[in-house]
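The chain is numbered in sequence order, starting from 1. Atoms within a ligand are numbered from 1 in the order they appear, just like the ligands themselves.
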Amino acid sequence: MTTEVVNTKELQKLDPVFGQMSFDDHEQIVFCNDKDSGLKAIIGIHNTVMGPALGGTRMWNYNNEWEALNDVLRLSRGMTYKAAITGLNLGGGKAVIIGDAKTQKTPELMLRFGEFVHSLSGRYITAEDIGMATSDMDLVRTVTPYVTGISEEKGGAGNPSPITAYGVFMGMKAAAKYAFGSDVLEDKVVYVEGIGNVGEALVENLSNEGAKVFIADINRERLEEIRDKYSVTIYEGDNLYAEEMDIYAPCALGATINDRTLTQLKAKVIAGAANNQLAEEQKHGIMLRERGIVYAPDFLINAGGIINVYAELENYDRKEIIRKTENIYNTTLEILKNAEINRVTTHQAAFDVAIGRINARKLKNS
Ligand code: NAD
């Protein structure tokens, strides 16, 4: 959901697909339409040099098709670099289904979507994202093997969100080590924005460690539910970016680090689960650096989920999932140090490692 950076009028002036500002040499973009089930979806395959393009399916009530296209282009690109920096033999892909997951998601629609995924013969492998549940993946599995994140009862690795949160927690600790000299989060003031599947599991890790956790969400019921379960405070204000805090953890939408929020942010560390947190990677990466805010790149620290679903493809066990996810701590610390040495943004430092791996593989494959 990168709606904040989308100006539909501007988008409409561009060439419909290849001229989009988020188009980044994507290999294939598939538009899926099925009148009977009401399915309207777009599958974006960004890059398959490292392996089949894997990435979740997001169902969201986009304002228009331009927003959906922009989202799938940005998200699929992010998956390429996430898999590469994590050292997985996967390319980057993503799918979006246009519609309200609460009211428009039906078994027929999901099955039809699965058939479209199947028609790509494994070039794209789907998984869960916003608006999807493990049960949806189980349903898709009945029409195609090219799906991960299926339930443990059906032989899968289950809901990836707790592992994603654990990886974010590891990345946050590494960033804290770098910024504060210690990775102990006890008494650190942490604002978690978005307490959905990942946000809740992150809150659990944080409160177990004794951090002072503030939670924000557009869903009041959810806020109260989480407050009753953990030792956290509901943020009651209307502009959390301006609050005094040690760590800001974006776990809802993308693009929350932008011109408006950056001038107010007092956090010393940013580490969260949301994809595409920087509205403009280059510009806002530089602004973070100039302000001395340690930014743990999103696509690096939110890779726990992809590690979890990759386990299904490679048949590795829970122990190995945890080991790989804990390694996010070491990689994050290394990236933060490299960024300082090379005087680049932390986002760029992570990106350079990923690109280096993709280029090396391309050379080897040729
Ligand atoms: P989710 O749908 O379970 O939770 C999102 C939460 O954000 C919801 O509680 C929603 O009410 C809240 N929200 C929406 N708009 C908001 C706003 N403007 N302000 C505050 N809260 C708002 O999603 P999730 O699975 O927890 O994923 C969260 C983020 O992490 C997403 O950006 C997702 O792409 C990313 N991510 C998730 C995984 C995973 O394993 N689930 C993996 C990698 C990245």
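Taking the six-membered ring for Trp and thresholds of 30 and 60 degrees, H347 and Y295 have nearly parallel ring planes, at less than 30 degrees apart. Aromatic ring orientation, F299 versus F351: perpendicular (interplanar angle above 60°, classes split at 30° and 60°).
Residue N302 places no N or O, backbone or side chain, under 3.5 Å from any N or O of ligand 1. For ligand 1, the polar-atom distance check against N219 finds no nitrogen or oxygen pair separated by under 3.5 Å. For the pair A252 and ligand 1, the shortest N or O to N or O distance falls below 3.5 Å. Note: no N/O pair closer than 3.5 Å links A216 and ligand 1 by distance alone. For a threshold of 3.5 Å applied to N or O pairs, the pair formed by G131 and ligand 1 contains no separation below that value. By the 3.5 Å distance cut-off applied to N or O atoms, N275 is counted among the residues near ligand 1. Residue contacts with ligand 1: T164 is placed with a nitrogen or oxygen under 3.5 Å of a nitrogen or oxygen of the ligand (distance criterion only).
Remark: among candidates I195, L253, I163, the nearest residue to atom 18 (N) of ligand 1 is L253, based on non-hydrogen atoms. Comparing V198, D129, L75 against atom 25 (O) of ligand 1, the shortest heavy-atom distance belongs to V198.
Taking a cut-off of under 4.0 Å to the non-hydrogen atoms of I130, the atoms of ligand 1 that pass are 2 (O), 23 (O), 31 (C). Every atom of ligand 1 is numbered from 1 in the order shown, and the set under 4.0 Å from a heavy atom of K82 is 43 (C).
Note on ligand 1: K94 sits outside its first shell, no heavy atom being nearer than 4.0 Å. E128 does not count as a contact of ligand 1, since none of its heavy atoms falls under 4.0 Å from the ligand.
Here K324 pairs with E320 under the salt bridge (charged side-chain N to carboxylate O under 4.0 Å, His left out) rule; sequence neighbours left out.
Contacts between N197 and ligand 1, counted as non-hydrogen atom pairs separated by less than 4.0 Å, involve both the backbone and the side chain.
Counting heavy atoms from C-beta outward, K212 and V190 have side chains that stay 4.5 Å or more apart.
Distance check: F31 CZ to F116 CZ gives 12.5 Å after rounding to the nearest 0.5 Å. In this structure, the separation between CG on L336 and OG1 on T346 is 6.5 Å, given to the nearest 0.5 Å.
Side chain to side chain, T126 and Y124 meet the donor-acceptor criterion of an N or O pair below 3.5 Å. Side-chain contact of H118 with T144: a donor-acceptor pair under 3.5 Å is present, judged by distance alone.
For the side-chain contact (heavy atoms from CB on, under 4.5 Å) test with I247, the passing option among V294, L185, L206 is L185; the others fail.
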